[in-house]
Amino acid sequence: MKAHRRGIPRLTWFKLAVCICLAAMAASLFTPYLAQMIRALKGEPEQAPPDSAAYPPHESLPAEQPGQEEPAPPLTPSVPGKEPEDSRLTTPWTPERTIALPPVQYPPFPPVLPTKPAEGAMTNIYELARGLNLKTQVNFQPGTLASRDREAKSNYQMTLTLNVKQPKALTKKEDILNINPKLGAMLPGLSTLFKHAKVSPYYGQLYARKQTEIRKNLASLLKLLDRHNYYDTETILETTYPDTGRKILWLQSEMDVVSDGSDGDRLSTMPDKILKSSFYQPSTSYRWKKRTDKPNPLLKPWQQRLASYKKTLEKAPAAEKPGLRRKIDHAERVIEELKRYSFLISEYDPFIVVPLGVVNQSSPFSPQFGDYAVVIVGDKLYPALVGDAGPRYKTGEGSLRLSREINPKAGPYSRPVSDLVVSYLIFPGSADPEAGPPDYEKLAAKCQELLHDIGGMGKDFKLHQWEDLLAPKPPPAPKQGSGNPAETPANGQKEADAPADKPAENLAPAASPEAPPAPEPGKTAA
């Protein structure tokens, strides 16, 4: 009995699973899946189902509005053995409509990112913010763990806010008399001028440029426009005297010093401190064509500077070459100007500087280079020319000659007047038709005439008379009793009356008609 049981095979789970798999494989022979697998292995295309013609491959989406349904795309005629193609796959795409985006609004004055500070000793913020009323405050607040708080930048943050009061332009006669009480007596037509005066648009433009300059440099306190230079303009007025139609641009400001300019025709040599200076500008905006062959004294130093730039450019690294090329272009332009033109000289010529945004504009009140002006400080009236243009955000500059006449202690780094008590009366359209070196007699006469056109000048006041320091000096006067027959007409007359029998070669020559007359005893020739 035991032997019979051992001969019967036992059915296990493994054998049962194998049997099920064999049965499934046998059943798959009667399904289409095996044929599809064979075609896929051979790379043949899959056959479409018999009812595929009733359902298009792609259905169009329903239309958004009634009556605008998109028609079904036509199908290309089917070819036996080839799938039908959708015409949308072969038609190029074209845009159906365009979308107009609204204009992008940029902030009016975007802040400038601060540059990386140079390594080295740190400067106290009070030194960087010179001219500012700096008020500091530190707020300490409870936090969490140091390892957490250090991850958030806002936990250690400084907010810099600059509060600036925007001034208003002076418009009343009473206010200008508070600045200089003598103006009423100096200018009898002052009431009429202020009655017809209006604030010039240049005033608003000037302070808008000041604000731009501050916004641009706020991240660098070292370059920030200080309080003194921000409040440097009391007013800019445009007025017309009704009786004569004479226009005036009245600028009330302080006075800084400008020390530029050169003219080889009138001044052939200049001191070494100017020839070697890298800050001295050899030209002014008011210029005229050279009238002699004398070279400008600054021509040779600029030619040497140009040669040095070109030599440095040959061995300079690539990062420094663009800056050197700009210096070369600037030096070439300066050299060309020095060869062709002459300019005002700050140390010798009285002239004023007008902001770039004010001079040479289309307005009838805009001054041009060469226009006449009268500068009033205290009870003094100084004739001057509009000779140069300065920064767009600054007013109140005069030449070194004018500044030292107002204040003998003035210099290139010391302004003659710091308060807003300087009145610049500029007469637009008064420039001479042909530019040339200043004629000081004509300058005084022309300014006297222009003042007459606006009501005249008080009887107790007069214009300052400038002396031409560059005019050729007259020959020295002959000395009395020198014994020279050519210089002493009296002795020459005696020898001319000598007896006729005396040899002619021994006679002294008579005085030349061109020789200057002898001065009277005890007097010096002019």
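Along the sequence shown, residues carry numbers from 1.
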Asker: Could you please spell out the steps behind the side chain to side chain contact (heavy atoms under 4.5 Å, CB included) verdict for D256 and K394?
Answerer: CA-CA 10 Å; D256 287 333; K394 192 180 186 316; 2.3 Å; yes
Asker: Can you check whether Q448's main-chain N or O pairs, donor with acceptor, with H452's side chain at less than 3.5 Å?
Answerer: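 No, the answer is negative, given that no donor and acceptor are paired below the 3.5 Å cut-off.
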Asker: Examine the side chains of K173 and S191 and answer whether a donor and an acceptor come within less than 3.5 Å of each other.
Answerer: yes
Asker: Treating T312 as the side-chain partner and S308 as the backbone partner, does any N or O pair qualify as donor plus acceptor under 3.5 Å?
Answerer: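 Checking the backbone N and O of S308 against the side chain of T312, a donor-acceptor pair under 3.5 Å is found.
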Asker: For N229 and D226, run side-chain hydrogen bond (donor to acceptor under 3.5 Å, both in side chains): C-alpha distance rounded to whole Å, both residues' side-chain angles, the deciding distance at 0.1 Å, then the answer.
Answerer: CA-CA 6 Å; N229 286 320; D226 60 18; 3.2 Å; yes
Asker: So, R404 side chain and A410 main chain: donor-acceptor pair closer than 3.5 Å or not?
Answerer: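 A pair under 3.5 Å: yes.
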Asker: To the nearest 0.5 Å, what is the distance between OG on S259 and CZ on F279?
Answerer: 11.5 Å
Asker: At what distance, to the nearest 0.5 angstrom, does CD of Q252 lie from CD1 of I376?
Answerer: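 These two atoms lie 9.0 Å from each other.
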Asker: Of P412, P416, P350, which meets side chain to side chain contact (heavy atoms under 4.5 Å, CB included) against L400?
Answerer: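 Single pass found, and it is P412.
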Asker: How far apart are the C-alpha atoms of Q166 and Y230, what are their side-chain angles, what is the distance that settles it, and do they pass the side-chain hydrogen bond (donor to acceptor under 3.5 Å, both in side chains) test?
Answerer: CA-CA 10 Å; Q166 177 71 14; Y230 184 79; 2.8 Å; yes
Asker: Evaluate the side chain to side chain contact (heavy atoms under 4.5 Å, CB included) criterion for residues L267 and L470: first the C-alpha distance (whole Å), next the side-chain angles of each, then the deciding distance (0.1 Å), finally the verdict.
Answerer: CA-CA 7 Å; L267 186 65; L470 297 175; 4.0 Å; yes
Asker: Quick one: pull up CG in D419 and CG in N180 and give me the separation to the nearest 0.5 Å.
Answerer: 12.0 Å
Asker: Given the rule in the salt bridge (Lys or Arg N to Asp or Glu O under 4.0 Å) test, do K294 and D265 qualify, once you have shown the distances and angles that lead to the verdict?
Answerer: CA-CA 6 Å; K294 297 178 181 179; D265 296 343; over 6 Å; no
Asker: Hey, is the main chain of Y203 close enough, under 3.5 Å, to the side chain of Q205 for a donor-acceptor pair?
Answerer: no
Asker: Could you give the distance from CG (D468) to OH (Y440), rounded to the nearest 0.5 Å?
Answerer: 5.0 Å
Asker: Using modelled atom types only, decide if a donor and an acceptor are shared between the side chain of N178 and the backbone of E174 within a distance under 3.5 Å.
Answerer: yes
Asker: Using 0.5 Å steps for rounding, measure from the CZ atom of F194 to the CG atom of D175.
Answerer: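 Taking CZ in F194 and CG in D175, the distance rounds to 8.5 Å.
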Asker: Hey, could you give me the NZ/CG distance between K339 and N296, rounded to the nearest 0.5 Å?
Answerer: 12.0 Å
Asker: Between S346 and D260, is the side-chain hydrogen bond (donor to acceptor under 3.5 Å, both in side chains) condition met? List the steps.
Answerer: CA-CA 5 Å; S346 176; D260 295 329; over 6 Å; no
Asker: Between D371 and G429, what is the shortest heavy-atom contact and its length?
Answerer: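 Minimum heavy-atom contact is OD2-N, 3.3 Å.
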Asker: Do NZ/NE/NH1/NH2 and the carboxylate oxygens of K446 and D432 come within less than 4.0 Å?
Answerer: no
Asker: On a heavy-atom basis, which atom in G396 and which in Y424 lie closest, and how many Å separate them?
Answerer: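 For G396 versus Y424, the nearest heavy atoms are CA-OH, 3.6 Å.
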Asker: For residues W288 and P438, report the shortest heavy-atom separation together with the two atoms involved.
Answerer: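 It is CH2-CD, 4.3 Å.
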Asker: Check step by step if side-chain hydrogen bond (donor to acceptor under 3.5 Å, both in side chains) holds for Q141 and N139.
Answerer: CA-CA 7 Å; Q141 300 174 354; N139 299 319; over 6 Å; no
Asker: Could you walk me through whether D349 and R266 pass salt bridge (Lys or Arg N to Asp or Glu O under 4.0 Å), step by step?
Answerer: CA-CA 11 Å; D349 299 323; R266 296 185 295 157; 2.8 Å; yes
Asker: Taking D388 for its side chain and S285 for its backbone only, find out whether a donor-acceptor pair lies under 3.5 Å.
Answerer: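 Here the side-chain-to-backbone pair exists.
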Asker: In plain terms, say whether K216 and E213 are close enough for a salt bridge, that is, a side-chain N and a carboxylate O under 4.0 Å apart.
Answerer: yes
Asker: Would a distance-only check, ignoring hydrogens and angles, find a side-chain to backbone donor-acceptor pair under 3.5 Å from K290 to S342?
Answerer: no
Asker: Which class fits the ring pair W466 and H464: parallel under 30°, tilted 30 to 60°, perpendicular over 60°?
Answerer: perpendicular
Asker: Could K380 and E405 be called an ion pair, given the rule that one side-chain N must be under 4.0 Å from one carboxylate O?
Answerer: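 No, K380 and E405 are not salt-bridged.
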Asker: Checking the side chain of S366 only, and the main-chain atoms of V358 only, is there a donor and an acceptor separated by less than 3.5 Å?
Answerer: yes
